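Working notes, beginning with the structure itself.
Small disclaimer: the values here were computed from a predicted structure and weren't measured. Hydrogens, waters and symmetry mates play no part in the numbers below; they use all other heavy atoms, side chains included. Letters go in sequence order (proteins before strands), and every chain restarts at 1.
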Amino acid sequence: MNSKNDITEMHLDVLKEIGNIGAAHAATSLSQLLGQKIDMRVPNVELVTFDEMFDLAGGTEKVVAGIFLRIEGDLTGTMFFVLTIESATQFIRKLTGDAAFTFTDVDDLGMGASALQELGNILSGSYLSALSDFTSLNIYPTVPSLSIDMVGAIVSFGLIEVSQYSDEVIVIETEILQEGEQGVSSLAGHFFLLPDPPSYRTIFSSLGVL
Amino acid sequence: MNIAKSPHTIRTSGLGSCVGVVLYDSSKKIAGMVHVMLPDSELGKSTKLNVAKFADTGIHAMLELLKSEGVRPFSIKAKIAGGAQMFQFGSNDTIRIGPRNVEAVKKELKRYSIPIVAEDTGGSSGRTIEFDPATSILFVRTVNAGTQEI
């Protein structure tokens with residue numbers, strides 16, 4: 001199951017369903033937390049090169065708020081919640097009640113960092129508990145960690161594990177949209193789930209599609 | 001992994017825990033850049049090895065490439081940047097990957113007796129780097145500190 005030739009359309013569909021269920025739960029949590037409408041797009045599951053992975057997240061040099069955590073237990077992998085700076089600012093303002101919050105000094109975010117980390121905690125928790133229910137696998141998230149930096153620097157960290165096996169990665173990506181003024185929705189961020197290659201088999205066998 | 005000759009420059013963007021290694025010959029105004037992702041090719045668990053992403057195999061391959069361009073080994077110098085620790089949590093091995101990459105790069109350069117003329121490594125910020133073979137200046141840009149020359 002380590003070679004890409006063994007991955008069929010049906011496998012990708014199963015992973016898409018994982019993205020669907022996980023992200024839907026997380027989007028609901030986010031919506032409840034913020035008291036605003038949050039939408040999501042149909043998940044995208046692809047086998048991509050590392051460069052393509054950076055492009056999916058907005059390009060290597062784009063500055064984003066990245067929340068990173070590792071998944072441990074029956075299946076292992078990496079999860080990212082990548083937010084645009086605009087959405088992260090807005091979410092922090094809502095969560096902390098500090099309407100003047102900005103990302104001007106990223107070394108001293110104070111309450112903002114805690115709020116964003118907690119947001120990551122809640123969202124990854126809902127994503128992964130949905131995934132755990134769906135697959136009957138035991139999955140534990142690590143404490144999330146936050147970084148405001150370039151996409152390349154943030155996302156490459158999550159590729160370290162995978163890079164020991166391959167130069168390509170299966171990414172389960174879901175775009176999150178938020179409704180802005182006049183009901184126009186805009187991109188708020190992405191969920192990325194990157195199972196470690198040895199876990200592909202675990203996921204597929206738990207869902208009976210090995 | 002690439003080579004540039006003056007007047008062209010060579011760059012790599014969004015380095016986090018990876019280390020950008022520039023090997024250059026200032027008289028011939030030629031430079032090669034290796035983007036090191038992992039410290040040691042022993043970590044490779046795949047049958048086909050991408051030599052460019054490991055410190056040991058990447059630096060070796062770049063030296064061969066520069067030699068094939070007529071660069072004499074003793075005229076090669078190095079500037080390195082990157083190896084940040086982007087996140088504070090994670091599995092223990094992975095979390096220190098930045099510092100481990102820097103250590104591995106230094107060890108390899110020492111093995112080939114290549115002097116490190118300048119470095120900007122460690123910390124917790126991503127870097128975009130660009131090297132100009134004409135002046136041997138390495139430009140390092142971070143989100144917070146702007147662009148610096150080393």
Heavy-atom proximity to chain A below 4.5 Å, by part of B/Ser41: neither

B/Arg127 versus chain A, the contacting section by heavy-atom distance below 4.5 Å: backbone

Neighbours of chain A found in residues 54-79 of chain B - heavy atoms under 4.5 Å: none

Choice from A/Asp149, A/Leu69, A/Val155 maximising heavy atom contacts with chain B below 4.5 Å: A/Asp149

Rounded distance [0.5 Å steps], CD1 in A/Ile148 versus OG in B/Ser124: 11.5 Å

Residue part contacting chain A, namely of B/Leu38, when any heavy atom lies under 4.5 Å: side chain

Proximal component of A/Val151, with respect to chain B [non-hydrogen, under 4.5 Å]: neither

Atom pair CG/CG of A/Asp167 and B/Asn50 - distance to nearest 0.5 Å: 4.0 Å

Options B/Gly16, B/Ser13, B/Cys18, ranked by heavy-atom pairs under 4.5 Å with chain A, top entry: B/Ser13

Rounded distance (nearest 0.5 Å) linking atom CE of B/Met86 with atom CD1 of A/Ile160: 11.5 Å

Residues A/Phe50, B/Met37; criterion side-chain contact (heavy atoms from CB on, under 4.5 Å); working and verdict: CA-CA 11 Å; A/Phe50 293 167; B/Met37 195 165 187; 3.7 Å; yes

Intermediate values then yes/no, side-chain contact (heavy atoms from CB on, under 4.5 Å), B/Phe87 and A/Ile154: CA-CA 8 Å; B/Phe87 294 97; A/Ile154 290 178; 3.7 Å; yes

Greatest number of heavy atom pairs closer than 4.5 Å to chain B - which of A/Ser147, A/Gly59, A/Gly66, A/Ser166: A/Ser147

Separation between CD of A/Gln164 and CD of B/Glu42, rounded to the nearest 0.5 Å: 12.0 Å

Top contributor to chain A contacts, counting heavy-atom pairs under 4.5 Å, from B/Leu15, B/Thr12, B/Thr128: B/Thr128

